[in-house]
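All values reported here derive from a predicted model rather than from experimental measurement. Note that ligands are numbered from 1 as they come in the structure, with each ligand's atoms numbered from 1 the same way.
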Amino acid sequence: MAKITKLDDIVSLCKRRGFIFQSSEIYGGLASCYDYGPLGVELKNNVKKAWWKAVVQMRDDIVGLDCSILMHPLVWKASGHAEKFADLIAECKKCNTRTRVDHLAEHAEEHTEHISLDKAIAATHDLSNKVCPACGKVGQFTEPMPFKLMFETQMGANVDDSMTLYLRPETAQGIFANFRNVLDTTRIKIPFGIAQIGKSFRNEVTTKAFIFRTREFEQAEIEFFCEPGTDEHWYEHWKKARFDWYTDLGLKKQNLRFRDHDPDEMAHYAKACVDVEYKFPFGSGDWQELEGIANRTDYDLRRHQRGIRTLNSWYESRGDLAKIDLKEEAEDYLKGPLSYFDDQAKKRYIPYVIEPSAGVDRSALAFLVDAYDEEEVRGEKRNLLRFHPALAPVKVAVFPLVKRDGMPEIARNIYNNLKGRFNCFYDHAGAVGRRYRRQDEAGTPFCVTVDGQTKQDATVTVRERDSMEQVRVSTDKLLNHLRERLEV
Ligand code: GAP
């Protein structure tokens with residue numbers, strides 16, 4: 001029977017086997033920042049490849065994009081991040097630790113990434129009996145105050161023309177900013193989507209649980225543009241498509257669910273929002289957001305349509321975003337470059353947007369947790385990662401049974417022939433049983449062993465990770481045998 005995974009087991013396996021390390025560990029570590037080691041980078045790349053294959057390669061209605069992290073400051077004014085992307089926090093007067101006010105609530109819901117700042121400010125907060133999670137003192141909090149989540153940086157060497165920029169807190173805005181470019185350079189028509197994978201940065205007040213919530217992370221986002229009125233159809237379409245993506249890659253159905261956002265939790269621009277949640281082995285209720293799917297309406301494109309009209313006032317205000325007024329709705333907003341002309345229906349509109357927004361690191365963590373297993377085999381503990389073949393960092397390991405009798409030469413030859421097709425690993429050190437165990441723990445689906453019989457009949461042993469079953473396969477059929485089973 002599969003073991004109930006504890007996060008500690010995963011963290012320790014990740015460190016021991018080179019999946020994930022603490023950033024700057026040799027200097028004592030940098031909180032909430034992580035580095036992906038040799039196996040981890042393969043896993044993460046495979047998660048990204050599987051996402052890209054499903055949403056770009058296999059679909060005719062989505063194209064890809066890779067935007068810069070640094071963008072014009074007006075982007076963040078128009079998107080609302082410059083003013084509204086903040087958490088309401090309170091500081092403990094005894095230990096100076098800052099805590100999110102929503103996390104101090106009676107039944108703190110740690111499901112939500114960030115709750116709306118406007119709504120948080122409007123609510124009444126009695127912190128007089130609240131306990132500081134850092135020092136345990138009661139009722140010592142300051143008045144709640146907003147804490148901005150975007151990282152600031154300066155661009156340019158000269159004092160006169162340097163400007164304050166932000167590290168993007170989501171990849172989505174780069175997609176909206178390129179909507180017209182993509183329309184003008186491809187022949188794609190609505191309904192269509194733009195997909196992007198990339199780093200995002202948030203100066204999170206509370207980081208959490210290993211790579212679950214960090215300040216630097218990677219997102220995989222789609223903005224799917226559709227005609228107003230068809231948005232509910234596409235919302236349902238994407239809910240199903242995204243749920244199926246996780247289960248097709250091996251996540252157990254019983255560990256995944258949808259959670260609709262409560263109306264007071266929803267972002268101001270959203271008409272509907274649902275989270276795909278995974279039952280992570282930590283947190284108040286275990287179920288935690290893996291991906292958000294939102295109906296963003298025409299909010300972003302309309303805001304950018306207004307944003308680009310404020311360029312002059314931005315120069316006049318010498319880049320002071322607070323002085324830019326975006327509130328007035330221009331009556332002729334349909335005339336801007338971000339509207340869409342449907343040449344069949346002969347009408348112009350601002351498209352609605354359905355946004356499936358996934359976290360790459362969170363997905364990698366969910367795949368790790370779900371694949372982790374322990375079992376007893378002939379009185380010995382076996383740790384293994386039952387990864388889907390598409391996600392396994394190493395697909396095939398090749399061993400000579402012993403380091404003599406010509407076996408290493410044959411094994412090397414097989415390894416050299418296979419490594420152009422799959423990510424392979426060659427290992428000749430130690431007892432073969434130990435080598436199998438090491439590959440089980442890395443999640444390698446197949447091990448190929450060259451032994452005494454290989455010289456006689458040109459066959460090798462192929463051992464499958466989950467069942468540990470071994471079959472003999474002739475070397476000339478080996479590539480096809482593996483290809484069929486790995487589905488790659
Ligand atoms: N563009 C919409 C957007 O960014 P979000 O719910 O804030 O929505 C989407 O983020 C996904 O990005 C989340 O479901 C999560 O997987 C990932 N994510 C967000 N903040 C994160 C953080 N601090 N660390 C790791 N992943 C994060």
Atom indices of ligand 1 within 4.0 angstrom of Gly292 heavy atoms, with elements: 14 (O)

field: Electrostatic pair Arg348:Asp342 at N-O distance under 4.0 angstrom
entry: no

task: Heavy-atom distances under 4.0 Å are what count here, so tell me which part of Asp275 touches ligand 1: side chain, backbone, both or neither.
output: neither

task: Pull out every atom of ligand 1 sitting under 4.0 Å from any heavy atom of Glu355, numbered as shown with elements.
output: 1 (N), 2 (C)

- request: From the options Phe85, Tyr278, Phe212, select the one whose nearest heavy atom is closest to atom 25 (C) of ligand 1.
  value: Phe212

- line: Smallest heavy-atom separation, Ile89 atom then Val101 atom, equals C-CG2, 3.7 Å

field: Short side-chain to backbone donor-acceptor contact, Gln22 and Cys33, under 3.5 Å
entry: yes

- request: Give yes if a backbone or side-chain nitrogen or oxygen of Leu290 is under 3.5 Å from a nitrogen or oxygen of ligand 1, and no if not.
  value: yes

task: Could you check whether the rings of Phe280 and Phe212 sit parallel, tilted or perpendicular, using 30° and 60° as the cut-offs?
output: perpendicular

message: Going by the closest heavy atom to atom 7 (O) of ligand 1, which one wins out of Glu218, Arg296, Glu170, Arg202?
response: Arg202

message: For residues 184-194, which residue pairs pass the side chain to side chain donor-acceptor pair (under 3.5 Å) check, not counting sequence neighbours?
response: Arg180-Asp184

- prompt: What do you reckon, does Glu204 have a nitrogen or oxygen under 3.5 Å from a nitrogen or oxygen of ligand 1?
  reply: yes

task: For Asp60, look at atom CG and say whether over 12 heavy atoms of other residues, nucleotides or ligands are found less than 6.0 Å away.
output: no

message: Would Gly359 count as being in polar contact with ligand 1, using the rule that some N or O on each side must be under 3.5 angstrom apart?
response: yes

- prompt: Heavy-atom contacts under 4.0 Å between Glu221 and ligand 1: side chain, backbone, both, or neither?
  reply: side chain

- prompt: For residues 14-28, which residue pairs qualify under salt bridge (charged side-chain N to carboxylate O under 4.0 Å, His left out), counting only residues two or more places apart or in two chains?
  reply: Lys15-Glu25, Arg16-Glu441, Arg17-Glu441

- prompt: Where does Glu291 meet ligand 1, judged by heavy-atom distances below 4.0 Å: at the side chain, the backbone, both, or neither?
  reply: backbone

